[in-house]
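Scroll down for the structure; my scribbles are underneath it.
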Amino acid sequence: LIQPTGVGEGWVGEVHRRVQRCLRWVLIPREQSAGGGQSKGNCEGGREAGSHLNTSTAEAVVTKLRSVFDGLFLLDKPTPLGSWAKCRGLLGVVDSWCAMHDSGPQHGPLFDAPEALEACLRLQCRCTVAVWRCAKDTATARVLAQRTLDRCRAWLPPAHPLLSVALNNLGVVNACLGAHVAAQRLLQAAGEVQRQALPSGHPAVEATLGSLALTHTRLGQHEEACHLKTELLHLRVATHPPDHPAIRTTKASLATTYTRLALHEDALRLKTEVVAAIRESLPPEHPEVAAALSRLATEHAQCGYHGEALVLHGEALGLKRRTLPPAHPDVRRSMVALIETYSALGRHEEALQLQGEVLAFLKQTLPEGHPDVAAVMNRMASTHSTLCHPREAFDLRVEVLALERRARSPHSPRIGVAMYNLAGSYSERGRHDEALRLTTAALEMIRNTHPPSHPHIGAGISQLGTALSHLGQHDAAHRRHGEALAFRRQHLPATHLDIAASMNNVAVECWHLGQADEARALQTAAVARYKELLPPEHPTLAGVSRTLEAMQLDN
């Protein structure tokens with residue numbers, strides 16, 4: 001039927017011509033099929049009313065198409081453009097066959113053989129994946145996936161496994177186009193079909209669970225994503241060998257969700273298991289080893305274990321420097337992470353030195369206005385502030401704000417964040433009126449450029465309260481910090497550290513207003529929250545504990 005050796009420019013057209021010639025030869029009028037006879041005129045005359053593709057020939061034709069397709073296109077490898085053009089030719093053939101099968105009452109179905117019909121639909125599902133993964137043409141893939149789903153719904157039983165494949169394909173393509181709500185609905189429907197048609201350990205069940213969990217994550221529904229990823233992990237542990245890559249991949253994904261939910265100890269446990277599994281299964285200098293070490297180091301830092309984080313970040317940076325070009329973004333990210341760890345350990349002079357090296361390197365290798373340059377400058381400013389260098393911090397933040405204004409649109413959210421930071425430098429230099437004015441302007445910009453539940457809004461309200469407190473306006477500061485606390489309780493997970501920070505701020509303002517009992521009660525609750533979320537040696541916990549002790553001593 002089709003020989004894959006023909007690679008000339010007319011190959012796709014030749015596919016269509018040969019298939020149409022084959023169809024004219026194998027189409028048998030219904031009234032003659034029972035007797036087995038067929039005239040030459042019928043062979044050349046094309047498809048007649050009431051004709052169909054007989055069982056044995058249909059299976060042979062579809063099997064041949066599938067073998068050619070498999071030879072031209074491998075889902076897990078890049079496909080040359082020439083091979084992709086051939087796949088498009090096969091796609092046209094299969095789509096034409098499906099259209100002929102459903103062409104209306106004057107012809108009747110093309111396939112009498114259910115197996116051939118299912119094979120043709122299955123091949124069309126694979127073509128959909130080809131359009132999406134290989135050609136990166138998601139718009140065309142969505143049209144094709146919808147058409148395939150409509151045919152599966154019309155031609156197959158409601159609990160047929162192939163229906164779940166079509167639902168899953170359309171759901172994934174919608175997710176790629178950003179239509180996450182539609183994707184979620186389709187993937188849930190695919191899961192319902194799979195529960196009726198497939199065993200629990202089937203690979204398609206795992207794939208749909210993973211896609212649905214990712215869609216929940218993209219919609220910000222992290223608790224639902226956590227439940228699905230936990231179910232997927234249990235399923236893979238039960239059906240795969242212990243060292244299977246899918247298990248560690250699922251653990252890494254679930255750990256990321258734990259981090260988003262501020263469940264850092266759980267995330268740390270899983271990421272430690274992932275690093276151990278990767279070390280056992282991959283070469284020592286494999287890129288995934290360095291990436292896993294970086295993720296584990298970041299989680300140690302989130303838990304306040306900065307000594308362990310320093311060791312892991314140092315090991316990850318060494319691996320990346322040995323295996324990647326000096327200007328690779330992953331090398332820069334590891335250097336920045338190491339800087340932050342030095343700062344968290346109070347080793348600010350070392351952090352400042354490394355920041356200077358990174359900034360000089362970035363200015364040589366990146367264009368002006370690159371976000372990495374501004375990010376490192378801002379971190380340098382924070383380090384200078386910690387080292388009581390307010391002038392240097394102020395100058396850097398002025399430069400960052402000017403850089404962001406040159407490089408971005410006037411209403412960019414990054415400009416609002418830079419204004420927040422500069423307002424903090426104004427406060428450090430005792431210029432609290434200017435800090436209040438700039439924070440107010442920044443908060444207005446952030447409200448206009450971010451969703452109403454964005455954490456930057458809560459941060460800006462809290463910073464307004466701090467500026468008012470510095471000006472001695474404790475009534476207004478108390479109201480602002482109370483507003484920030486209410487905002488964070490509404491929009492952040494209950495375990496988020498920002499809620500504890502706002503509780504501490506409100507308690508301090510209550511103390512300034514002479515509401516000692518309320519201040520002690522709220523500060524006690526804040527310290528208890530910090531103890532739940534931070535290790536005993538964490539510096540923030542030590543600071544809020546000292547504040548509580550001072551309140552109790554003044555009783």
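- In summary, E350 and R347 engage in a salt bridge, as defined by a charged side-chain N under 4.0 Å from a carboxylate O.
- Identified under the ring-ring contact (aromatic ring centres under 6.0 Å, His included) test for residues 268-298, with sequence neighbours left out: none.
- Applying the salt bridge (Lys or Arg N to Asp or Glu O under 4.0 Å) test to every pair with at least one member in residues 287-297, sequence neighbours left out, gives these pairs: E288-R295.
- Using the six-membered ring where Trp is involved, H240 and H244 have ring planes that are perpendicular, over 60° apart on the 30 and 60° scheme.
- No side-chain donor-acceptor contact under 3.5 Å links K271 and T298.
- There is a side-chain donor-acceptor pair under 3.5 Å between T383 and Q355.
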**OP:** Take M419 and R405 through the test side-chain contact (heavy atoms from CB on, under 4.5 Å) and record every step on the way to the result.
**Re:** CA-CA 10 Å; M419 291 168 68; R405 281 175 167 161; 4.2 Å; yes

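- Here the NE2 atom belonging to H348 is positioned 6.0 Å from the OG atom belonging to S343, to the nearest 0.5 angstrom.
- Inspection of the H432 and H470 side chains reveals no N or O donor paired with an N or O acceptor under 3.5 Å.
- A search for side chain to side chain contact (heavy atoms under 4.5 Å, CB included) contacts involving E357 returns Q353, L354, not counting sequence neighbours.
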**OP:** For the pair R479 and D475, evaluate salt bridge (Lys or Arg N to Asp or Glu O under 4.0 Å) and give the outcome as yes or no after the intermediate values.
**Re:** CA-CA 6 Å; R479 287 194 298 272; D475 279 327; 5.5 Å; no

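- Between R546 and E549 no salt bridge is recorded (no basic side-chain N to carboxylate O distance below 4.0 Å).
- Judged by distance alone, the side chains of R397 and S382 do bring a donor and an acceptor atom under 3.5 Å apart.
- Remark: the R248 side chain and the S281 side chain contain an N/O donor-acceptor pair separated by less than 3.5 Å.
- For the pair R429 and F394, the cation-pi test (distance below 6.0 Å, angle within 45°) is passed.
- In the displayed structure, E285 atom CD is contacted under 6.0 Å by more than 12 heavy atoms of other residues, nucleotides or ligands.
- No side-chain N or O of E509 forms a donor-acceptor pair with one of Q515 less than 3.5 Å apart.
- With hydrogens and angles left out, the side-chain atoms of E308 and H300 include no donor and acceptor closer than 3.5 Å.
- Of all heavy-atom pairs between L261 and C226, the closest is CD1-CB, 4.0 Å.
- For the residue pair H202 / Q194, no side-chain donor-acceptor distance below 3.5 Å is found, with atom types taken as modelled.
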